[in-house]
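Everything on this sheet refers to the single structure shown next.
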Amino acid sequence: NIVTIDKYSNPSKSFWNSGGGGMYYPGAKIGDIWGYTTVGIAKTDAQMQNHLNSLNNGGQSALGSNWGAGDIMYKDLNGDGKIDAGTRTLANSGDVSKIGNSTPRYNFGLNIDAAYKGFDLKLFTQGTLKRDYMPDGGSTVFWGAVGYWQTNFFKPHLDYFRPEGTTSELGANVNGYFPKPMPSGRNRNPQTRYMQNAAYARLKNVTLGYTLPSSITEKVKISNLRLFVSGENLLTITDLIDTFDPETVGVGNWDGATYPLSKTFSFGLSVTL
């Protein structure tokens with residue numbers, strides 16, 4: 001369940017920090033995520049200029065400068081002709097709004113244990129049916145190239161904006177998921193486009209065993225002999241980006257920089273004399 005705060009000393013009701021995490025105030029819900037609403041990624045300089053021209057009171061200058069193709073176009077929610085977070089209070093929230101909640105909801109687990117004619121099967125599944133997650137703007141695991149010394153790059157990060165006529169060997173990609181890579185964090189503000197669905201279901205364990213009939217084992221003075229094979233983390237169903245593991249996302253000092261849980265297999269033999 002999501003916890004609602006009844007009392008907290010925050011007279012101005014400031015609600016949002018630079019990472020999108022909700023600050024406490026009476027009536028706030030633990031885990032609230034605030035952010036901008038994304039219009040899209042500008043495919044051309046002209047498209048970005050048209051967007052900025054529609055904002056006649058400063059455009060997106062509060063978030064950065066030199067906007068062009070490959071940059072994020074943010075939506076003017078309050079219609080004041082500019083993109084900003086206002087005073088980051090409930091009375092003046094500018095163009096940010098609640099876009100999710102990071103609290104895991106509807107956690108579940110399922111155990112299945114069956115046996116038939118010497119065979120036994122055990123399955124354990126667990127998961128979370130609802131959870132939102134907004135990657136930090138400095139998360140190299142999510143964004144890839146962010147301009148830091150610890151920047152890394154994985155296969156999903158190749159789906160970034162590349163304009164028509166690019167000299168990149170990868171070719172053009174005007175419909176890329178990620179904006180153009182750059183040190184500035186102006187495209188990595190908390191926003192609806194990159195809000196992650198962190199719900200998941202995972203087959204944590206499957207164990208299949210077979211116990212030899214006693215009529216066989218007793219001949220060699222063994223009361224019980226069981227063979228088994230077991231697998232861990234064999235199947236995961238999630239819409240979360242592949243660079244994150246749904247069980248470890250949000251863990252650690254660096255956002256997402258935690259080794260994912262591995263699939264493992266084991267075989268065994270248990271003997272009772």
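Values in this document were obtained by computation on a predicted structure and should not be read as measured data.
The 12-atom threshold is exceeded at NZ of Lys98, counting heavy atoms of other residues, nucleotides or ligands nearer than 6.0 Å. Within 6.0 Å of the CG atom in Asn53, the count of heavy atoms belonging to other residues, nucleotides or ligands exceeds 12. Heavy atoms of other residues, nucleotides or ligands lying less than 6.0 angstrom from CG of Asn1 number 12 at most. Counting heavy atoms of neighbouring residues, nucleotides and ligands inside a 6.0 Å radius, atom NZ of Lys122 does not exceed 12 of them.
Considering only heavy atoms from C-beta on, Leu52 comes within 4.5 Å of Gln60 through its side chain. In this structure, Glu247 and Tyr200 have side chains that are in contact, with non-hydrogen atoms separated by less than 4.5 Å.
Judged by distance alone, the side chains of Asn175 and Lys43 do bring a donor and an acceptor atom under 3.5 Å apart. No donor-acceptor contact under 3.5 angstrom links the side chains of Thr211 and Asn224, judged on distance only. Checked by atom type, the side-chain pair Thr128/Asn107 shows a donor-acceptor distance below 3.5 Å.
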Next on the checklist: Before you tell me yes or no, could you show the steps for Met73 and Gln47 under side-chain contact (heavy atoms from CB on, under 4.5 Å), namely the whole-Å CA-CA distance, both residues' side-chain angles and the distance that decides it to 0.1 Å?
Outcome noted: CA-CA 9 Å; Met73 298 180 292; Gln47 184 180 15; 3.7 Å; yes
Next on the checklist: Set out, in order, the CA-CA distance, both residues' side-chain angles and the distance that settles side-chain contact (heavy atoms from CB on, under 4.5 Å) for Ile112 and Leu121, then state yes or no.
Outcome noted: CA-CA 8 Å; Ile112 297 177; Leu121 176 65; 5.8 Å; no
Next on the checklist: The test is side-chain contact (heavy atoms from CB on, under 4.5 Å); show your working for Tyr74 and Asp95 and say whether it passes.
Outcome noted: CA-CA 9 Å; Tyr74 297 99; Asp95 301 301; over 6 Å; no
Item to check | side-chain contact (heavy atoms from CB on, under 4.5 Å) assessment of Arg186 paired with Asn66 | outcome: CA-CA 11 Å; Arg186 69 189 187 195; Asn66 299 319; 4.2 Å; yes
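A donor-acceptor pair under 3.5 Å is absent between the side-chain atoms of Asp45 and the main chain of Gln49, judged by distance alone. Between the side chain of Gln196 and the main chain of Pro135, no donor-acceptor pair closer than 3.5 Å is present. For the pair Asn173 (side chain) and Arg162 (backbone), a donor-acceptor distance under 3.5 Å is absent.
A salt bridge is absent between Asp76 and Lys82: the closest approach of a Lys/Arg side-chain nitrogen to an acidic carboxylate oxygen does not fall below 4.0 angstrom. Residues Asp120 and Arg226 are paired through a salt bridge, judged by an N-O separation under 4.0 Å between the basic side chain and the carboxylate.
Of all the heavy atoms in Asn187 and Gly70, the pair that sits closest is ND2-O, 4.2 Å. Across all non-hydrogen atoms, the minimal contact from Met48 to Ala42 is CB-CB, 3.7 Å.
Taking the six-membered ring where the residue is Trp, Phe178 and His157 present perpendicular rings, their angle passing 60° and hence far from 30°.
A centroid separation of 6.0 Å or more is found between the aromatic rings of Tyr194 and Tyr36.
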Show which side-chain atoms of residues 263-273 pair as donor or acceptor with protein atoms under 3.5 Å away, not counting sequence neighbours.
none

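Residue Arg202 forms a side-chain hydrogen bond (donor to acceptor under 3.5 Å, both in side chains) with just one option from Thr238, Asp245, Thr125, and that option is Asp245.
In the hydrophobic clustering, where aliphatic and aromatic side chains (Ile, Leu, Val, Met, Phe, Trp, Tyr) are joined below 4.5 Å either directly or transitively, Phe108 groups with Tyr106, Leu129.
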